[in-house]
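Quick caveat: nothing in here was measured; it's all calculated off a predicted structure.
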Amino acid sequence: MAMRAVYTGRANQGTLTAAAANERLYIIYGSGQDLVVHAENGRFVRQVTDERITDPITRIAASRSGRLAVVSRNRVLVFDADPNPSDSDKANWVYNAFADLDIAAGDASPIVCCWLNDDRLVLASRCTLFMLARTNNGWGCLKSWTTGCSVDVIAAAPDGAVFATATAGCQMVKVWQWAEDCDYMRFHYVVHSGSIRDIFWHQGTNTRKSGMQELVLYTVSQEGRLPDKPGFDDYR
């Protein structure tokens, strides 16, 4: 087996993600209060530090263009991929902005998040969802609302038009859609045959529907099995 040098800094649980920058793929995770970046072949690239990350990183989410959301306790920091890094082979992420979520002091519940697009981010803490967005005045919380149950898993469709949330061990998934004209979130339930561990979306072309784009939500059971049929599908 070929030997490979691997950076051995401890990774914070739940922070591993992949992000694109300058047409290359990178692996990123949190180590304490720092971001650690590897190339897709496992080679260590760099460590990113910022004084505004005051607590250990608990979650990292990457948009399709490579923008990062970094969660540190109740603070969410946005980092952008540097379009002109000093070394073209070593991508870098630079600080853009941060926002503090309105969460009770001392609440150590984990925050999960996902990007809808480069300018809109959804986060969940216990039973509350937060919509962060970039406006003319910078980044801020556009809306927050309660879900009625704890949110442990969240996933956005590839086009960002809808997203889904679920409680670990539950059989129910909520699919949400932002109604821009009415300023509210509408949702409907999707029921899985067993307890859910994870959810993810897939978008492709369905040849039986004359080439229409098919948006499919898959649920993964606690045993790691996929259902015989997807829980939600939509033709566009």
Side-chain angles (χ1 to χ4, degrees), residues 6-21 26-38 44-63 65-82 85 90-135 137-147 149-156 163 165-168 197-198:
V6 176
Y7 182 77
T8 58
R10 175 175 292 180
N12 300 349
Q13 185 176 3
T15 61
L16 183 66
T17 191
Y26 293 87
I27 307 302
I28 302 175
Y29 61 85
S31 180
Q33 296 165 220
D34 300 331
L35 291 170
V36 179
V37 183
H38 287 257
F44 172 71
V45 174
R46 70 173 68 246
Q47 196 162 341
V48 180
T49 62
D50 192 281
E51 62 183 6
R52 284 156 290 228
I53 304 177
T54 56
D55 292 279
I57 296 169
T58 56
R59 190 74 60 176
I60 302 172
S63 73
S65 70
R67 173 168 282 170
L68 298 180
V70 178
V71 179
S72 172
R73 195 177 286 272
N74 70 320
R75 174 165 291 181
V76 183
L77 302 96
V78 178
F79 287 81
D80 291 335
D82 187 349
K90 292 187 177 182
N92 190 25
W93 275 261
V94 294
Y95 169 80
N96 179 308
F98 78 85
D100 289 332
L101 302 181
D102 185 14
I103 298 174
D107 188 350
S109 60
I111 295 175
V112 293
C113 59
C114 69
W115 290 94
L116 299 183
N117 53 47
D118 270 350
D119 299 321
R120 190 165 291 186
L121 175 73
V122 176
L123 305 100
S125 176
R126 292 189 184 271
C127 302
T128 304
L129 285 171
F130 301 87
M131 177 86 71
L132 265 63
R134 184 172 64 172
T135 65
N137 298 320
W139 287 85
C141 186
L142 184 67
K143 184 179 181 65
S144 65
W145 67 100
T146 58
T147 63
C149 57
S150 177
V151 176
D152 300 308
V153 185
I154 185 169
F163 65 94
T165 61
T167 302
R197 186 179 73 185
D198 202 359

Criterion side chain to side chain contact (heavy atoms under 4.5 Å, CB included) on R75 and D55, from CA distance to verdict: CA-CA 9 Å; R75 174 165 291 181; D55 292 279; over 6 Å; no
N12/T58 under side chain to side chain contact (heavy atoms under 4.5 Å, CB included): CA gap, chis, key distance, verdict: CA-CA 7 Å; N12 300 349; T58 56; over 6 Å; no
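For the salt bridge (charged side-chain N to carboxylate O under 4.0 Å, His left out) test, residues two or more places apart in sequence or in another chain that qualify with D80 are R67. A search for salt bridge (charged side-chain N to carboxylate O under 4.0 Å, His left out) contacts involving R134 returns D119, not counting sequence neighbours. Remark: D152 engages no residue in a salt bridge (charged side-chain N to carboxylate O under 4.0 Å, His left out) (not counting sequence neighbours). Residues passing the side chain to side chain contact (heavy atoms under 4.5 Å, CB included) test with L101, sequence neighbours excluded: V76, I103, I111, L123, F130, L132. Annotation: salt bridge (charged side-chain N to carboxylate O under 4.0 Å, His left out) contacts of R46 (sequence neighbours excluded): none. Not counting sequence neighbours, A20 has no partner by the side chain to side chain contact (heavy atoms under 4.5 Å, CB included) test.
For the atom pair CG (L77) and CZ (F79), the distance works out to 5.5 Å, reported to the nearest 0.5 Å.
Heavy-atom minimum distance, D50 versus Y95: OD2-CB, 3.5 Å. Residues F163 and A156 approach most closely at CB-CA, 3.8 Å, considering heavy atoms. Residues R59 and C113 come closest through the heavy atom pair CG-SG, 3.8 Å. Of all heavy-atom pairs between L121 and C114, the closest is CD1-O, 3.2 Å. Summarising the geometry of R120 relative to N117, their closest heavy-atom pair is N-OD1, 2.9 Å, with the distance given to 0.1 Å. Pairing each heavy atom of Q47 with each of V36, the nearest pair is CG-CG2, 4.2 Å.
Judged by distance alone, the side chain of T49 and the main-chain N or O of D34 form no donor-acceptor pair under 3.5 Å. Between the side chain of T167 and the main chain of S150, a donor-acceptor pair closer than 3.5 Å is present. A side-chain donor-acceptor contact under 3.5 Å links T147 to the backbone of C127.
Counting heavy atoms from C-beta outward, V48 and N92 have side chains that approach closer than 4.5 Å. Between L129 and I154, some side-chain heavy-atom pair lies under the 4.5 Å cut-off. Residues L35 and L68 are in side-chain contact: their nearest non-hydrogen atoms beyond the backbone lie under 4.5 Å apart. By the 4.5 Å heavy-atom criterion applied to side chains, F98 and V70 are not counted as neighbours.
The aromatic rings of Y26 and W93 stand perpendicular to each other, their planes meeting at an angle above 60°, with 30° marking the opposite boundary.
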